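In what follows, residues are counted from 1 in the order of the sequence shown. These numbers were taken from a predicted model, which means no experiment stands behind them.
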Amino acid sequence: MSELNQQQQAACDCIDKPLLVLAGAGSGKTRVITAKIAHLIRHHGMLAEKIAAITFTNKAAREMRQRSRSLLKGVDSEGLVVSTFHSLGVRLLHDMLNEAGLRPGFSIYDAEDTRRVIADLLPKGSDRALVDPLAQRISWYKGQGMDQDDIGQHEDNPALLEVFEQYHERLRRFNAVDFDDLLYLPVKLLTETKELRLRWQQRFRHLLVDEYQDTNACQYRLLKLLVGDNTPFTAVGDDDQSIYGWRGAQPENLTHLQQDFPRLQVVKLEQNYRSSRNILHAANFLIAKNPHMFEKKLWSALGDGETLRIMVCKDAETEADKVAAEIMRRRMLGQIKHGDFAVLYRGNHQARPLEQALRAANIPYHLSGGLSFFERSEIKDVLAYLRLIANPDDDAALIRIINVPRRGIGGQTIERMSNTARNERLSLFRTLSRPTVRALLTPRAAQATADFGHWIETLRANADTTPAARLARIVVDESGYRDHLRTSAKDPQSAERRNRNIDDLLGWIEQLTEKAKEPMSLQDVLAQLALAGATDDDEPDDQSVRLMTLHAAKGLEFPHVFMVGVEEGQLPHRTSLEEGTETEERRLMYVGITRAQRSLTLSYARSRRRFGETVKCQPSRFLKELPEDVVTWEGQNPDADRTAARARGKAHLDALRQALAKSSED
């Protein structure tokens with residue numbers, strides 16, 4: 001492994017102790033993880049099936065899997081586990097179905113399903129605005145690994161405790177789990193059942209955990225339960241890039257490792273292979289203002305590079321126009337693709353003027369964070385049919401599609417079914433054939449519900465012998481869903497687009513089952529699709545400028561980066577200042593800076609329109625914390641700006657002359 005630097009090699013060589021790798025931005029952490037996997041298998045004879053690498057996104061897991069396979073060519077890598085935390089949770093739950101009180105084919109509820117269940121639990125007349133806070137609170141408690149007794153000690157709201165209990169009882173009745181349960185339940189069962197715990201501790205001989213600073217309390221407990229006292233592990237993380245405190249991430253888990261594993265060895269990766277020295281100097285200078293668990297300082301051998309530019313703009317529209325103009329200028333100067341540029345901001349609402357400016361300049365762009373593929377109604381509808389076939393107790397799935405397309409089963413029919421289901425503690429599907437329910441319905445509604453139930457039962461009877469891709473096509477064809485899209489769409493183009501999305505889903509299922517090494521059941525396919533939907537990876541081509549939030553940009557890199565709206569109240573965000581989390585906002589700024597490879601331009605506006613009024617803005621305190629020797633301010637001194645503009649214009653003309661001279665020589 002001669003391609004590794006000294007510290008990377010040291011991380012690979014530590015195989016029999018707990019290891020923390022402090023991997024600074026752009027320091028090659030994925031290279032270390034994959035090289036260590038290959039090292040364990042090639043040079044220490046460890047079976048691939050005894051190794052698990054765990055990360056947070058499907059994209060990161062795919063990259064890690066591909067790199068590992070490339071390094072292991074000619075070596076048996078069968079059984080190597082490379083997955084997200086939640087994928088590992090599904091694997092664990094399948095192993096302990098009975099203990100978890102689940103049955104085969106359990107459903108995985110997304111956020112929308114969860115909100116629907118909670119809304120149904122609230123008393124009639126309750127404010128619907130309570131649903132989201134309750135869902136977030138329940139999710140937070142699960143992320144902390146708390147059960148009902150623990151919550152009772154921290155929560156003085158009896159209504160929340162009651163909803164928490166009823167919510168879990170309802171999920172069990174539906175044979176369903178939510179995404180938090182994928183980790184919450186395995187942690188609970190491994191903690192309570194020694195036999196399960198020992199079985200899984202013997203399953204792996206080495207665990208590798210990526211982005212360790214983003215783990216919450218539940219994920220850290222899962223790691224401890226899986227490694228026990230004897231299994232070595234490698235945790236890779238960077239406390240300077242911990243930016244997910246709002247969803248439960250605890251960077252202090254890095255410190256807990258030292259307390260819980262006295263033999264812990266620490267290796268620091270400080271050489272950055274991404275950014276120029278000036279960019280890294282600014283990043284180091286800024287983040288030094290934060291308290292640190294571990295001291296480190298990034299360095300680069302890539303040269304000084306350009307100084308950082310700070311553009312002072314009149315308003316948001318001027319800021320967006322300047323960004324568009326700068327993108328055009330740089331593209332004229334050299335062979336630069338639109339995909340080499342990224343524009344980063346604190347909140348999605350900041351994208352609108354940027355979109356307008358880029359469209360006006362005919363610059364192609366891709367807006368990250370829009371409606372994901374798996375959030376589209378037509379995708380959720382088809383998956384709801386498949387979920388109901390796999391798990392007839394899935395009330396959320398049944399309610400979604402029982403009258404889509406229209407079958408004459410209206411709200412009154414569903415309400416009467418719901419009342420019976422609630423009184424008799426049944427799922428809605430089980431009430432379709434109940435004489436007591438059919439007697440309450442009109443003859444037309446009774447026949448419609450009976451026909452629907454019979455059709456689903458027929459599909460269920462054939463589900464084990466029909467490939468999932470074929471079953472999905474049968475559902476789409478026999479349900480009349482394509483005609484429903486055509487008749488309900490606002491125009492033919494919309495219907496065609498939604499039908500293409502259905503084709504993409506069907507193709508995805510076919511590819512998923514064809515690539516699988518073992519036959520996949522419908523339940524397996526649905527689990528994979530649910531996990532894909534949870535971290536629906538955004539991968540546009542390289543011919544578009546990327547517009548995205550700073551949070552979404554983590555893990556990515558671009559030759560040229562713009563950070564806009566770097567103002568007090570925006571970055572750092574006013575909420576963080578009220579809640580005392582300025583240090584996390586500074587880490588967010590640090591993450592943004594370290595996405596840049598060759599150039600970084602920051603900007604703020606003197607005024608913005610907010611809620612119909614023009615408000616004055618102040619530059620972010622973080623701009624003032626950047627080192628003066630690598631920063632150039634533009635917009636404060638007109639004479640200096642004109643001189644800088646003339647210099648850029650001259651460089652532009654020189655570059656054009658060189659390009660013309662080269663083309664004439666060719």
Side-chain angles (χ1 to χ4, degrees), residues 275-276 278-279 281-283 285-286 305-333 336 340-347 350-358 360-361 363 365 545-550 553 558-572 588-589 592-609 614-649 651-652:
S275 307
S276 66
N278 285 338
I279 291 172
H281 177 45
F285 203 84
L286 174 80
E306 300 181 23
T307 57
L308 283 65
R309 297 171 59 195
I310 299 178
M311 297 192 304
V312 183
C313 307
K314 177 185 175 183
D315 51 32
E317 290 70 29
T318 304
E319 179 182 54
D321 288 341
K322 284 188 174 184
V323 168
E326 181 64 12
I327 290 173
M328 289 191 292
R329 183 187 74 83
R330 284 191 177 272
R331 275 183 47 78
M332 292 177 69
L333 283 173
I336 302 176
D340 290 338
F341 297 93
V343 187
L344 312 180
Y345 35 79
R346 180 64 175 81
Q350 296 172 266
R352 185 177 295 276
L354 293 163
E355 289 191 84
Q356 293 171 342
L358 294 176
I363 296 174
Y365 67 89
V545 175
R546 298 289 296 275
L547 304 182
M548 65 177 67
T549 65
L550 289 160
F558 303 92
H560 306 285
V561 170
F562 297 86
M563 289 177 60
V564 300
V566 189
E567 299 150 11
E568 283 293 292
Q570 191 63 51
L571 183 65
L588 190 58
M589 177 84 167
I593 292 173
T594 54
R595 298 313 94 195
Q597 296 171 304
R598 291 160 50 191
S599 79
L600 175 63
T601 303
L602 306 106
S603 62
Y604 74 91
R606 288 195 173 101
S607 67
R608 289 187 188 273
R609 295 281 293 175
T614 299
V615 297
K616 291 184 178 181
C617 304
Q618 297 297 321
S620 167
R621 66 191 67 189
F622 298 151
L623 292 177
K624 301 171 186 176
E625 293 178 359
L626 297 175
E628 295 180 0
D629 56 325
V630 298
V631 171
T632 301
W633 289 74
E634 299 178 7
Q636 290 185 318
N637 186 328
D639 291 336
D641 289 347
R642 281 192 289 271
T643 301
R646 283 195 293 270
R648 288 198 301 273
H652 181 192

Gap separating the CD atom of Glu317 from the CG atom of Leu354, nearest 0.5 angstrom: 10.0 Å

For the student: nearest non-hydrogen atoms of Pro572 and Arg621, plus distance: CG-NE, 3.8 Å

Within 6.0 Å of CD in Gln618, more than 12 heavy atoms from elsewhere: no

Non-hydrogen side-chain atoms of Phe562 and Leu344 separated by less than 4.5 Å: no

Verdict with supporting geometry, Phe558 and Asp340, side chain to side chain contact (heavy atoms under 4.5 Å, CB included): CA-CA 6 Å; Phe558 303 92; Asp340 290 338; over 6 Å; no

Interatomic distance, Ser620 atom OG to Glu568 atom CD [nearest 0.5 angstrom]: 5.0 Å

Full working for side chain to side chain contact (heavy atoms under 4.5 Å, CB included) between Leu588 and Arg346: CA-CA 9 Å; Leu588 190 58; Arg346 180 64 175 81; 3.4 Å; yes

Side chain to side chain contact (heavy atoms under 4.5 Å, CB included) involving Ala316 - partner list, sequence neighbours excluded: Pro353, Arg608

Rounded distance [0.5 Å steps], CG in Leu623 versus CD in Glu567: 9.0 Å

Distance-minimising heavy-atom pair for Phe622 and Leu571: CD1-O, 3.9 Å

Gap between atom CG of Leu600 and atom CG of Leu308 - 0.5 Å precision: 4.5 Å

Residue pair Glu355, Arg352: steps toward the salt bridge (Lys or Arg N to Asp or Glu O under 4.0 Å) verdict: CA-CA 5 Å; Glu355 289 191 84; Arg352 185 177 295 276; over 6 Å; no

Nearest non-hydrogen partners of Ser599 and Ile279, listed with the distance: N-CD1, 4.1 Å

Residue pair Ile336 / Phe341: nearest heavy atoms and the distance that separates them: CG2-CE1, 3.5 Å

Distance, nearest 0.5 Å, that separates CE of Met589 from CD1 of Ile593: 4.5 Å

Glu319 side-chain N/O to Gly565 backbone N/O, donor-acceptor pair under 3.5 Å: yes

Lys314 backbone acceptor or donor facing Ser607 side chain under 3.5 Å: yes

Ser275 side chain vs Ala596 backbone, donor-acceptor pair below 3.5 Å: yes

Contact summary for Tyr345 and Val564, nearest pair of heavy atoms: CB-CG2, 3.9 Å

Ring pair (Phe, Tyr, Trp, His ring centres under 6.0 Å) against Phe285, all qualifying residues, sequence neighbours excluded: His281

Closest non-hydrogen atom pair between Thr594 and Ala283, with its separation: CG2-CB, 3.7 Å

Sidechain N-carboxylate O distance under 4.0 Å for Glu306, Arg598: no

Which residues share a side chain to side chain contact (heavy atoms under 4.5 Å, CB included) with Asp321, sequence neighbours left out: Ala357

Side chain to side chain, Ile327 and His560, heavy atoms closer than 4.5 Å: no

Spatial distance of atom CG (Leu626) from atom CG (Asn278) [nearest 0.5 Å]: 12.0 Å

Electrostatic pair Glu326:Lys322 at N-O distance under 4.0 angstrom: no

Heavy-atom side-chain contact between Ile310 and Glu634 under 4.5 Å: no

Stepwise side chain to side chain contact (heavy atoms under 4.5 Å, CB included) test for Val343 and Arg546: CA-CA 6 Å; Val343 187; Arg546 298 289 296 275; over 6 Å; no

